[in-house]
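Data block below; observations after.
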Amino acid sequence: PTTINNAGSITRTVGTGTAGLDMAILNGAGSVDVQTGTLRLSNSLSTGFTGTLTGPITVQSGATLEFSGATYNVNTGATYSGAGATIVTGSTVNFGIVPTFGSLSVSSGTLNVNAGLTGSGTFTLSGGTANINAASTVAGALALSGGTLGGTSALTLNGTGNTWTGGTMSGTGSTVVSGANTLTISGTGNKFFTQRTLTTNGLVSLTGGTIYAGGGGVFNNNGTFDVQTNTSWQNYYGGNPTTINNAGSITRTVGTGTA
């Protein structure tokens, strides 16, 4: 692919569609400023190529930066900010700095957060893998419908309306739903929970789907865990079953069958 060594600036200032730097690898300490539309970094037809970014990256409100192919390292020297959207649709993206996102979405590929992150919008995980390897905080909600939320450190969710409709929570880290914020576990899709620690302080509503657990996971319920459906929490992975530490209340408010 073409190598683009950016020592100046790359901007996206006009247009509402997608502009793709396809079959190209971007490197350098120059700035990237996405002001409108979508700028896509893609190298989907080649493997084994890596771009390293060490300059300021800004994604303005209403704009999107898409990582769609190759491996990108966002390393020391870089900054990452703006109220826009960042989406990972096929790349491996390694953040060695603390990025600030508007919204963040992973549908394919791998996101490795190695120094922490902050975000003001929703964190959507529908496929691929997001590894949280340093303490991170999202002001919005988590929407987990597929893929794997993993890693070795804590992801704190300060928004309400968190949803888990499919996918996996794993790894030795933790998911923390802070304050009175809610988590709804719903839909017919199966959910997988292994090793990870889930800590909740508000209302957790389990309304659908089987939870396949094991591997020594921990659920710290400090609020209300309301089981509203006929379902089961199974030791699918073997090893130690899930430990539920109940410092709040567990209720069964809906349904006539067995949960």
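Position 1 is the first residue of the sequence, and the numbers go up from there.
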Measure the spacing between CZ of Phe225 and OG of Ser205 and express it to the nearest 0.5 Å.
-> 9.5 Å
Between Thr231 (side chain) and Gly209 (backbone), is there a donor-acceptor pair under 3.5 Å?
-> yes
Listed by chain and number, what are the side chain to side chain contact (heavy atoms under 4.5 Å, CB included) partners of Thr2, not counting sequence neighbours?
-> Ile4, Ala24
Shortest non-hydrogen contact between Leu104 and Leu111, atoms and distance | CD2-CD2, 3.8 Å
Identify the heavy atoms of Ala154 and Ser174 that sit nearest to each other, and give their distance.
-> CB-OG, 3.2 Å
Check: Ser153 and Asn133 side chains under 4.5 Å, non-hydrogen atoms | no
Is a side-chain donor or acceptor of Thr194 paired with a backbone partner of Gly214 at a separation under 3.5 angstrom?
-> yes
Under the side chain to side chain contact (heavy atoms under 4.5 Å, CB included) test, residues paired with Ala141 that sit two or more places apart = Asn162
Same cluster (ILVMFWY, side-chain, under 4.5 Å), Ile57 and Val93 = yes
Under 4.5 Å between any side-chain heavy atoms of Val138 and Leu117, yes or no?
-> yes
Less than 4.5 Å apart, any side-chain heavy atom of Leu41 and any of Val32?
-> no
Start with the C-alpha gap between Ser178 and Asn158, add the side-chain angles, then the distance that decides, and say whether side chain to side chain donor-acceptor pair (under 3.5 Å) holds.
-> CA-CA 5 Å; Ser178 68; Asn158 289 334; 2.7 Å; yes
In the hydrophobic clustering (ILVMFWY, side-chain contacts below 4.5 Å, transitive), which residues join Tyr236, or is it alone?
-> Phe192, Tyr212, Tyr237
Euclidean distance, Leu149 CG relative to Thr175 OG1, rounded to 0.5 Å = 4.5 Å
Report the distance from atom CG of Asn235 to atom CG of Asn240, rounding to the nearest 0.5 Å.
-> 8.5 Å
Side-chain donor-acceptor pair present, Asp33, Thr58, cut-off under 3.5 Å = no
With hydrophobic residues grouped by side-chain heavy-atom distances under 4.5 Å, do Leu39 and Phe95 end up in a single group?
-> yes
Any pair with a residue in residues 80-101 that passes side-chain hydrogen bond (donor to acceptor under 3.5 Å, both in side chains), sequence neighbours left out, goes on the list, sorted by first then second residue, please.
-> Glu66-Thr89, Ser68-Thr89, Asn73-Asn94, Tyr80-Thr86, Asn94-Asn112, Thr100-Thr118
Within the side chain of Ser136, is there an N or O that forms a donor-acceptor pair under 3.5 Å with the backbone of Ala134?
-> yes
Taking side chain as C-beta onward, heavy atoms only, is Thr110 less than 4.5 Å from Asn131?
-> yes
Please output the side-chain donor-acceptor pairs of residues 197-204 that fall under 3.5 Å, not counting sequence neighbours, one pair per line with the distance.
residue	atom	partner	partner atom	Å
Thr199	OG1	Asn220	ND2	3.1
Asn201	OD1	Asn222	ND2	3.4
Asn201	ND2	Val177	O	3.0

Examine Phe193 together with Phe219 and report whether their ring centres are nearer than 6.0 Å.
-> no
Search all heavy atoms of Tyr72 against all heavy atoms of Leu26 and return the closest pair with its distance.
-> OH-N, 3.1 Å
Examine distances only and state if a side-chain atom of Thr71 and a backbone atom of Thr50 form a donor-acceptor pair shorter than 3.5 Å.
-> no
Which value, rounded to the nearest 0.5 Å, describes the distance between Arg196 atom CZ and Ile132 atom CD1?
-> 7.5 Å
Return yes if some donor-acceptor pair links the side-chain N/O of Lys191 with the main-chain N/O of Ser186 below 3.5 Å, else return no.
-> yes
Which donor-acceptor pairs under 3.5 Å do the side chains of residues 246-259 make with protein atoms, sequence neighbours left out?
residue	atom	partner	partner atom	Å
Asn246	OD1	Asn221	ND2	2.8
Asn246	OD1	Gly248	N	3.3
Asn246	OD1	Ser249	N	3.4
Ser249	OG	Thr224	OG1	3.2
Thr251	OG1	Asp226	OD1	2.9
Arg252	NH1	Thr229	O	3.1
Arg252	NH1	Val254	O	2.7
Arg252	NH2	Asn230	OD1	2.6
Arg252	NH2	Gly257	O	3.1
Thr253	OG1	Asp226	OD1	2.9
Thr253	OG1	Asp226	OD2	2.8

Report the distance from atom CG of Leu125 to atom CH2 of Trp164, rounding to the nearest 0.5 Å.
-> 11.5 Å
How about Thr79 and Ile97: do any of their side-chain heavy atoms sit closer than 4.5 Å?
-> no
Can you list the steps and then say if Leu183 with Leu157 is a side-chain contact (heavy atoms from CB on, under 4.5 Å)?
-> CA-CA 10 Å; Leu183 170 64; Leu157 305 168; over 6 Å; no
Enter the distance from Gln60:CD to Leu65:CG here, rounded to the nearest 0.5 Å.
-> 12.0 Å
Is a side-chain N or O of Asn27 found less than 3.5 angstrom from the main chain of Thr52, in a donor-acceptor match?
-> yes
